[in-house]
Amino acid sequence: MIFKTRLIAVMLLMGLSGSVQADDSLYQELGGKEGISNVMAEMLYELAGDDRIADQFADTDIDRLHQMLTEQVCEISGGPCTYTGEDMVKIHTGLNITNADFNALVENLIIAMEREEIPTTAQNRLLSLLADMHHEVVGL
Ligand code: HEM
């Protein structure tokens, strides 16, 4: 009986505090919108000096890319953002992106996250979410 009462109390509290929400722990660990923006800026800086893939971004509006990546990572990490960019398959189709290109970008991202002192567990969670997008980027 006591257990049942407590269960109801917990359920009420969860309802009142609105805690039945999406998990935003990864978003928080990445430092929120500002932290994600910083990581993406570092990654693009790193990428610009990476001979393996820099040329592929020669005609890209980097400010827009920065903004779109920040929105996207904010959204997929559980943050309060909505990605407003192009469909992932559509934007990457015809770019002939290879596995090696994908891995190079991931390396740049890891360097950026290390520099921004993102905890390793959070790094791995983000990398796993991006790995899920591999088929929307590579071989199109
Ligand atoms: C999981 C990995 C990746 C994610 C999440 C991602 C995400 C994005 C996003 C959000 C955009 C901007 C879309 C827009 O402007 O509306 C974009 C554009 C672009 N991406 Fe990726 N991308 C990934 C991997 C790659 C790789 C590996 C390359 C090549 C090395 C690449 C090359 C490009 C280029 C060149 C553009 C600009 C295309 C244009 O402006 O027409 N992406 N990507």
Side-chain angles (χ1 to χ4, degrees):
M1 182 59 190
I2 289 173
F3 175 72
K4 200 173 171 189
T5 311
R6 193 180 298 178
L7 187 67
I8 290 167
V10 168
M11 284 168 76
L12 274 172
L13 276 173
M14 282 170 73
L16 287 176
S17 67
S19 63
V20 193
Q21 288 174 346
D23 172 14
D24 74 347
S25 60
L26 178 55
Y27 172 73
Q28 298 299 346
E29 282 192 275
L30 293 171
K33 186 101 188 257
E34 197 186 336
I36 292 168
S37 173
N38 291 341
V39 168
M40 290 302 127
E42 282 285 351
M43 182 189 78
L44 291 171
Y45 178 76
E46 205 51 43
L47 192 153
D50 186 337
D51 290 343
R52 296 171 297 178
I53 52 173
D55 284 355
Q56 297 185 56
F57 294 87
D59 299 328
T60 301
D61 176 345
I62 296 296
D63 281 345
R64 178 187 160 88
L65 183 57
H66 176 246
Q67 201 187 327
M68 291 303 114
L69 285 169
T70 301
E71 266 183 20
Q72 191 180 42
V73 172
C74 173
E75 181 177 295
I76 65 174
S77 65
C81 303
T82 305
Y83 173 61
T84 61
E86 285 285 350
D87 174 77
M88 286 287 282
V89 170
K90 198 172 162 196
I91 199 83
H92 294 103
T93 293
L95 298 181
N96 301 313
I97 297 168
T98 64
N99 263 327
D101 297 334
F102 189 89
N103 292 341
L105 184 133
V106 166
E107 268 180 44
N108 292 326
L109 175 59
I110 293 171
I111 291 169
M113 291 193 291
E114 281 292 314
R115 216 172 268 155
E116 292 297 315
E117 298 181 358
I118 304 297
T120 308
T121 48
Q123 292 190 22
N124 289 340
R125 285 175 72 191
L126 179 58
L127 293 174
S128 163
L129 291 173
L130 296 183
D132 290 342
M133 292 179 176
H134 182 274
H135 68 285
E136 299 178 82
V137 172
V138 172
L140 304 172

Is there a side-chain contact between Cys74 and Pro80 in this structure, where contact means two heavy atoms from C-beta onward sitting under 4.5 Å apart?
yes
Is there side-chain contact between Met43 and Leu69, with at least one heavy-atom pair below 4.5 Å?
yes
Using a 4.5 Å cut-off on heavy atoms from C-beta on, say whether the side chain of Ile118 contacts that of Glu29.
no
Flag side-chain contact, heavy atom, 4.5 Å: Ile36 against Tyr27:
yes
Can you tell me how far the NE2 atom of His66 sits from the CG atom of Leu44, to the nearest 0.5 Å?
6.5 Å
Heavy atoms only: give me the nearest Ile91-Glu86 pair and the separation to one decimal.
CD1-CG, 3.7 Å
Cluster link Val106 to Met88, ILVMFWY, side chain under 4.5 Å:
yes
Is a side-chain donor or acceptor of Glu75 paired with a backbone partner of Tyr83 at a separation under 3.5 angstrom?
yes
Is there a path from Leu126 to Leu65 through hydrophobic residues (I, L, V, M, F, W, Y) whose side chains come within less than 4.5 Å of each other?
yes
Say whether, by atom type as modelled, one donor and one acceptor occur between the side chain of Asn108 and the main chain of Ala104 under 3.5 angstrom.
yes
Check step by step if side chain to side chain donor-acceptor pair (under 3.5 Å) holds for Glu71 and Thr82.
CA-CA 6 Å; Glu71 266 183 20; Thr82 305; over 6 Å; no
From Thr84 OG1 over to Met68 CE, what is the distance, rounded to the nearest 0.5 angstrom?
3.5 Å
Nearest heavy atoms of Arg64 and Gly85, plus distance in Å:
NH2-CA, 3.9 Å
How many angstroms lie between atom CG of Asp61 and atom CD of Gln67, to the nearest 0.5 angstrom?
9.0 Å
Anything under 3.5 Å between a donor and an acceptor, one on a side chain of residues 131-140, the other on a protein residue two or more places apart or in another chain? List them.
{"residue": "His134", "atom": "NE2", "partner": "Asn99", "partner atom": "OD1", "Å": "2.6"}
{"residue": "His135", "atom": "ND1", "partner": "Asp132", "partner atom": "O", "Å": "3.2"}

Can you confirm whether Leu105 sits close enough to Asp101 that some side-chain heavy atom of one is under 4.5 Å from a side-chain heavy atom of the other?
no
What residues form a side chain to side chain contact (heavy atoms under 4.5 Å, CB included) with Glu107, not counting sequence neighbours?
Arg52
Note: Ile97 and Phe102 closest approach over all heavy atoms is CG2-N, 4.4 Å
If two hydrophobic side chains count as joined below 4.5 Å and joins carry through other members, does Ile76 share a cluster with Val39?
yes
Beyond-backbone contact of Asn103 with Thr98, side-chain heavy atoms, under 4.5 angstrom
no
Does the side chain of Met40 reach to within under 4.5 Å of the side chain of Leu109, using non-hydrogen atoms?
yes
Do Gln123 and Glu114 touch side chain to side chain, with heavy atoms closer than 4.5 Å?
yes
